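Sharing a structure, written as structure tokens. Questions coming.
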There are 2 protein chains.
Amino acid sequence: MGGRLDRIDLKILRLLQNNGRWTNAELAETAGVSAATCHRRTQRLFDEGYIAQVRAMVAPRKVGKGALVMVGVVLDRSTPESFAAFERAIAQLKFVLDCHLVAGDFDYFLKIRVGDMEDFNRIHGEQLIALPGVRQTRTFFVMKEVVDNAPLDF
Amino acid sequence: MGGRLDRIDLKILRLLQNNGRWTNAELAETAGVSAATCHRRTQRLFDEGYIAQVRAMVAPRKVGKGALVMVGVVLDRSTPESFAAFERAIAQLKFVLDCHLVAGDFDYFLKIRVGDMEDFNRIHGEQLIALPGVRQTRTFFVMKEVVDNAPLDF
DNA sequence: GCCGCCCATGAAATAATCTCTCATCTTTGT
DNA sequence: ACAAAGATGAGAGATTATTTCATGGGCGGC
């Protein structure tokens, strides 16, 4: 078996993406191979990094993080040091789910989860605009989560 | 035990969020309770919806989805029917990871995973601008994923 | 075409883990 | 302080993961 994924591997990956709690026996039957083979395949998918991790997806509203906010950020200067400083600082902020350097009208796009708008307002004033090199931010409150964190299609 | 989460529940939730493959015995030891109690706690967290699902996080680059794009969308009309039609259509598009109705300069924000820029360009021309009621889109190619899908902080 | 090597496969045995039962203990309300 | 309700841990039994081993299929060399 070379480095690529065959039909069976893809099936296992897709099944585990939709439900990481399948027993090996169930996986095996659905994928159409024996339990032993399925187990080896799955282990290989982990070992070779196809599955980065398995995560319990905690329901945000259940733990008081029901509000989602997208934030566009523009920095003062477009120097490597400026970018690096911003990125170092953002990594400390636990409420930041996504932070991406983008091409376009903004330098960075953030996806942030907080309890509510008031919560965000405080965070915005105390932490976001205080980040190193931030010239301006544009906030987009999410009014409805149509699709959030859909599984990867491959 | 009432409807709220105590210190043990939170610990279990956080552990499972970081690694959904802990054995119950390991979870129990780390959380500081017996295996039986840990098992019951965990099952309750599932039953009561604190854990929406357990998902294997597939490495995007490993399955040919290494390119990330953020897209802002503006619709022609701001009517409920227009929004509904757009949302119905977007749910069919498997490459859309996030789709959020936002307040601000855009109506919707999309997070999309594709193979590469060429791939996106085709999809943009063939599928995105063809979505019902779309007046304009603004594309932000992600040049660097600083933080992607960080675990929830609670 | 034939042979030999390599590697993947499945059945079965073993080891580990989960899941439930029960007696005990803690908490809560009166 | 007492009774009821619920949570807990130890252990038994059931389930599941993981390894071992013999077999079969594909591929290259001759």
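All values reported here derive from a predicted model rather than from experimental measurement. Order of the sequence lines fixes the chain letters, A, B, ..., with proteins taken first and strands second; residue numbering starts at 1 for each chain.
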- Among the candidates dA10(D), dG10(C), dT19(D), find the nucleotide nearest to the side-chain atoms of Ala36(B).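 Nucleotide nearest to Ala36(B)'s side chain: dA10(D).
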
- Query: Between Leu110(B) and Leu128(B), is a side-chain contact (heavy atoms from CB on, under 4.5 Å) present by the stated rule, with each step listed?
  - Reply: CA-CA 10 Å; Leu110(B) 310 180; Leu128(B) 288 185; 4.2 Å; yes

- Whole angstrom value for the distance that separates P of dT19(C) from CZ of Arg40(B):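 That distance rounds to 13 Å.
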
- Item | Rounded distance in Å - NE2 (His39(B)) to P (dA7(D)) |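 Value for this atom pair: 16 Å.
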
- Message: What's the separation between atom NE2 in His100(A) and atom CG in Leu68(B), rounded to the nearest 0.5 Å?
- Response: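 Rounded to the nearest 0.5 Å, the NE2-CG separation comes to 5.0 Å.
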
- Query: Within this structure, what is the CD1-to-C1' distance between Ile8(A) and dA8(C), rounded to whole angstrom?
  - Reply: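 For the pair Ile8(A) CD1 and dA8(C) C1', the rounded distance is 12 Å.
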
- Message: Exactly one of Phe141(B), Phe106(B), Phe140(B) should register a ring pair (Phe, Tyr, Trp, His ring centres under 6.0 Å) with Phe109(A). Which one does?
- Response: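 With Phe109(A) as partner, ring pair (Phe, Tyr, Trp, His ring centres under 6.0 Å) holds for just one option, Phe140(B).
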
- Message: If you compare every side-chain N and O of Thr37(B) against the phosphate oxygens of dA7(D) (OP1, OP2), does one of them come in below 4.0 Å?
- Response: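 No, Thr37(B) has no side-chain N/O under 4.0 Å of OP1/OP2 on dA7(D).
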
- At how many degrees, to 10°, do the end axes of the helix from dG1(C)-dC30(D) to dT30(C)-dA1(D) meet when each uses five pairs?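 The helix from dG1(C)-dC30(D) to dT30(C)-dA1(D) shows an end-to-end axis angle of 40°.
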
- Around Glu26(A), counting heavy atoms of other residues, nucleotides and ligands shown, do more than 12 lie under 6.0 Å from its CD?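 For Glu26(A), atom CD is crowded (more than 12 foreign heavy atoms under 6.0 Å).
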
- Looking at dC20(C), dT8(D), dG10(C), which one has an atom nearest to any side-chain atom of Arg41(B)?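 Nearest nucleotide to the side chain: dT8(D).
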
- Between Asn149(B) and Asn149(A): side-chain donor-acceptor atoms closer than 3.5 Å: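 A donor-acceptor contact under 3.5 Å links the two side chains.
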
- Query: What residues in residues 10-27 of chain B put a non-hydrogen atom under 4.0 Å from any atom of DNA chain D?
  - Reply: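 Going residue by residue through residues 10-27 of chain B, none turns out to have a heavy atom under 4.0 Å of DNA chain D.
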
- Message: Salt bridge check, Arg113(B) against Asp153(A): does any charged N sit closer than 4.0 Å to a carboxylate O?
- Response: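 Not counted as a salt bridge, because no side-chain N and carboxylate O are separated by less than 4.0 Å.
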
- Query: If you draw the axis of the six-membered ring of Phe154(A), does the NZ or CZ of Lys65(B) fall within 45° of it and under 6.0 Å from the ring centre?
  - Reply: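 Here Lys65(B) fails the 6.0 Å and 45° test against Phe154(A).
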
- Message: Check this for me: does any side-chain nitrogen of one of Arg4(A) and Glu48(A) sit under 4.0 Å from a carboxylate oxygen of the other?
- Response: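 The answer is no: the pair does not qualify as a salt bridge.
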
